[in-house]
Amino acid sequence: MSARDYKAAYGQRDWSSHPGYIDEGYKSTRLRGVDQALVEVSTTLAEDTGPVFGAEHVGPLDSDLTKNGQVNGEPLGERIIVTGRVLDEHGNPVPNTLIEVWQANAAGRYVHKRDQHDAPLDPNFQGSGRCVTDSEGRYKFYTIKPGAYPWGNHPNAWRPNHIHFSLFGPTIRTRLVTQMYFPGDPLLDLDPIYKGIPETARSRLVSTFSIDVTEENFALGYIFDIVLRGPNATPLEG
Amino acid sequence: MADNKLKETPSQTVGPYFAYGLTPRQYGYPLPPITSGKLASDKTKGDYIEIVGQVFDGAGNTVDDAMIEIWQANSSGRFAHPADQREERALDPEFNGFGRMGTGTLPGNHFQFETIKPGSIEDGHAPFINVIVFMRGLLIHSYTRLYFEDEAAANAQDPILNQVPEGRRHTLVAKRVDSPYGVRYRFDIRMQGDNATVFFDY
């Protein structure tokens, strides 16, 4: 079998769903975004495979960010639940795939040493975790609603509340790093990172409030479903 | 393809503060890591190599908050993945082929991987490693490939490399540096300009 005969299991990225590399509003893209045309080549088995991470890579508290950073008490802020399904483009669940998350605390401060924002750290909140989807592609995190924080992109620039997500899916071509936002956030329409996404695709990153997911006397619930690139419809030859 | 296909969730930048979630041990944060820059142990089969490099922005400055992931075959050319069922190529229980490292901890903003040289994945293909680049200011990750300078004959035949414009192929070839401590390959990643690294539309 030659490379040109290899039947790729996964198709190309749907570029109408993704931001471009250079974005006039997002300053850092000017020197960092890819500025040459991407090169189209055949794919190989190397691109239709990828790292396999299962439940054995996740510890018992990894998906509960309200507990996994505790030192001497509960973290401050509004407890929330974030849950949803990971699906492929055909609507099939993506089971047993690793999701990594990280976020600011309730005050809008990241644990990262480089974050110099003058808002308090929370000694009981680390802000990172992970989980693995179940057989139906479901995942669930407990966390604290992240605060908004300022950044240097333009005068009086503030990032909307968001949680960073990193997903693998079945192959390196399904890899996705993204951010989940919250419904009704007035900062969304002012945020060049969010607005870098084609207009028709932006709302896919905004979670939905759900009273059904909300746990009485405990935490508000948000649903965020994620769609990864799907396998080609044509079955592969054996 | 049916019209009722779901649409992909859009990509967003990894941002500047990924380390305590994605590369925690490298940066001194408590979450246990899922991987690191060290893919190979003493027990891993194959030729031990190091890969080092820097990421350069369009002004020629090194990037100190990029994250690099690599994905490669083992020394038999087999991927540790259920889609690779080629039993004639042995799996290596000491090697899963995936590594990840940020550019914020080593002097000069280097990334460094300790791995083994992959075997050819099929006849006629030169050994290579898939490389994925993430950073603040990059709204969607970029895919490239690392080939090896000391595989010149295989590289000349490689069917993928031959689909890359000839004048740009050199950007994918890591330079070999021999030292008393072993073989090291230098692979710099240039985001922009005439000498930019080739990125693929995977």
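Heavy-atom basis, side chains included; hydrogens, waters and symmetry copies ignored. Per chain, numbering begins at 1; letters A, B, ... match sequence-line order.
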Does this structure show an ion pair linking [X] with [Y], if we count only N-O contacts that are shorter than 4.0 Å?
| X | Y | value |
| --- | --- | --- |
| D57(B) | R32(A) | no |
| D191(A) | R202(A) | no |
| E47(A) | R173(A) | no |

Where on [X] is there a heavy atom nearer than 4.5 Å to chain B: the side chain, the backbone, both, or neither?
| X | answer |
| --- | --- |
| D62(A) | side chain |
| L167(A) | neither |
| D48(A) | backbone |
| W151(A) | neither |

So which of [options] has the largest heavy-atom pair count under 4.5 angstrom toward chain A?
| options | answer |
| --- | --- |
| F199(B), Y20(B), Y202(B) | Y20(B) |
| G58(B), S11(B), A83(B), P30(B) | S11(B) |
| F134(B), F56(B), Y29(B) | Y29(B) |

request  = Kindly assign one of parallel, tilted or perpendicular to the pair F165(A) and F141(A), based on the angle between their ring planes and the thresholds 30° and 60°.
outcome  = perpendicular
inquiry  = Which label fits Y110(A) and Y17(B): parallel for a plane angle under 30°, tilted from 30 to 60°, or perpendicular past 60°?
reply    =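 If you compare the ring of Y110(A) with that of Y17(B), the planes turn out tilted.
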query = Do K175(B)'s NZ or CZ and the ring of F148(B) fall within the cation-pi criteria of under 6.0 Å and 45°?
reply =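 The answer is no, since K175(B) fails at least one limit relative to F148(B).
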ask   = Hey, does the Lys NZ or Arg CZ of R145(B) hover above the aromatic six-ring of F128(B), less than 6.0 Å from the centre and inside 45° of the axis?
value = yes
Please look at [X] and chain A and tell me whether the side chain, the backbone, both or neither of the residue comes under 4.5 angstrom of a heavy atom of that chain.
| X | result |
| --- | --- |
| E69(B) | side chain |
| N130(B) | side chain |
| P118(B) | neither |

query = Who wins among V52(A), I226(A), I172(A) for the most heavy-atom pairs under 4.5 Å with chain B?
reply =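 With the most close heavy-atom pairs to chain B, the winner is I172(A).
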